[in-house]
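Note that the structure is predicted; figures quoted are calculated from it, not measured.
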Amino acid sequence: MLKPIPAACLLLLSTTGWCQSTTPASTQQPTQDTQPITTLKVAARVVEISAVVKSKGGEHEGGLTKDDFILKQDGKPQPIRYFSRGSDLPLTLALMVDTSGSQRTFINDEALASDVFFETMMGRKQDRAMLVQFDVSVQQLQGMTNSPNILHLALTRLSSHASAANGTLLNDAVYSVAKNILAKEAGRKAIVLLTDGGENGSRSSLADAIEQVQRADVQVYSILYSAQNEAAKFGVITGTSDPGMKLLQSLSEATGGRVFTVSPTLSLREIYAQISQDLRLQYALAYTPPADTQPNSYHKLELKAKNNKLTVQARKGFFAA
């Protein structure tokens, strides 16, 4: 049985790795695929950007080349040196589920919908996913694997305990997964964050969490699942915006992801289907920052399509190495 990761342990993740009490990952991993894996191999200083392009009607736009884009760093145009369809590259995905007291009633629905999501996303052996739950602690229920069956078993361990009502380490969870797991992965990377956006007790700030996902080149797709929006299914309208939305918008907009809300008109399964489309139909671009780019500092990115009828969803900046 997995033991909770205490908050203090989160501060040690950068040097000690995941503080978990599980059996070795090698006993759970499926047989390694012997086929070659397509990857984007670029120099260390290259900045990678995943982009989703849509028409005004919201349809994904395919068939574009690097010449169809305009890229700027800190307002100055930059040549795009590398370009690929995202579907050609491996995908590394972290599903992070809020199991704090406010989310307890949603866990069964989340597990069922997430099971279908994993089945959809793990269609290629080069794609991998992991499962993390967080409340007063952060627990890795399953490390990286390309097996939907293993992920299915991990989803059965999602749970909310009485002590979970005492805190929600959302910022710490995002910070630690981005810094200590995803930053070491190559290719396209994404976090799918399933939560009501409540934050209580993290030692990391929201700015800290955003910085780490930007440093790790990770997109954050946030799904707001809250009691307030659940009540709307039964005709109970509060007339106020959900307090967790602002935090989730900050995370996703800064990293080129999107924010969704589970509602009477949009189910969790439908949201997962939209995220799956985004991740399958991305473009992967990369460029080399100018020589005068200040190291260890934040720089703004702007990626647009030359066709002004198209909208581009991509991260807003990066931290130079």
Considering residues at least two apart in sequence or located in another chain, which fulfil the ring-ring contact (aromatic ring centres under 6.0 Å, His included) criterion with Phe117? Tyr272
Judged by atom type as modelled, is there a donor-acceptor pair below 3.5 Å linking the side chain of [X] to the main-chain atoms of [Y]?
| X | Y | result |
| --- | --- | --- |
| Ser176 | Asp172 | yes |
| Gln133 | Leu131 | no |
| Lys66 | Leu285 | no |
| Arg188 | Leu279 | yes |

Taking the inter-plane angle between the rings of Tyr225 and Phe106 on a 0 to 90° scale, is it parallel (under 30°), tilted (30 to 60°) or perpendicular (over 60°)?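 Taking Phe106 first and then Tyr225, their aromatic rings lie parallel (interplane angle under 30°).
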With no hydrogens and no angle check, just 3.5 Å: does a side-chain donor-acceptor pair link [X] and [Y]?
| X | Y | value |
| --- | --- | --- |
| Thr168 | Asn200 | no |
| Ser100 | Asp98 | yes |
| Ser202 | Glu199 | yes |
| Gln73 | Glu302 | no |
| Ser263 | Thr265 | yes |
| Ser222 | Ser252 | yes |

Please list, one pair per line, the donor and acceptor atoms closer than 3.5 Å that link side chains of residues 50-62 to other protein atoms, with sequence neighbours excluded.
residue : atom : partner : partner atom : Å
Ser55   : OG   : Gly57   : N            : 3.4
Ser55   : OG   : Glu59   : N            : 3.3
His60   : NE2  : Asp278  : OD1          : 2.8

What residue among Gln212, Lys184, Glu211 forms side chain to side chain contact (heavy atoms under 4.5 Å, CB included) with Lys179?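 Looking at Gln212, Lys184, Glu211, the match for Lys179 under the side chain to side chain contact (heavy atoms under 4.5 Å, CB included) is Gln212.
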Please report the C-alpha distance between Thr195 and Ile223 in whole Å, then the side-chain angles of each, then the deciding distance to 0.1 Å, and finally whether the side chain to side chain contact (heavy atoms under 4.5 Å, CB included) criterion is met. CA-CA 6 Å; Thr195 177; Ile223 304 174; over 6 Å; no
Leu268 reachable from Val116 in the ILVMFWY side-chain graph, under 4.5 Å edges: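 Hydrophobic grouping puts Val116 apart from Leu268.
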Any idea which heavy atoms bring Val259 and Met245 closest together, and the distance?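 The pair with the smallest heavy-atom distance is CG1-SD, 3.5 Å.
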Quick one: are Ser267 and Val262 in side-chain contact, heavy atoms under 4.5 Å?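 They are not in side-chain contact.
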May I ask you to decide whether Arg315 forms a salt bridge with Asp217, counting only side-chain N to carboxylate O separations under 4.0 Å?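 Answer for the salt bridge query: yes.
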One should read off an interatomic distance between Leu141 CG and Leu95 CG, to the nearest 0.5 angstrom, of 9.5 Å
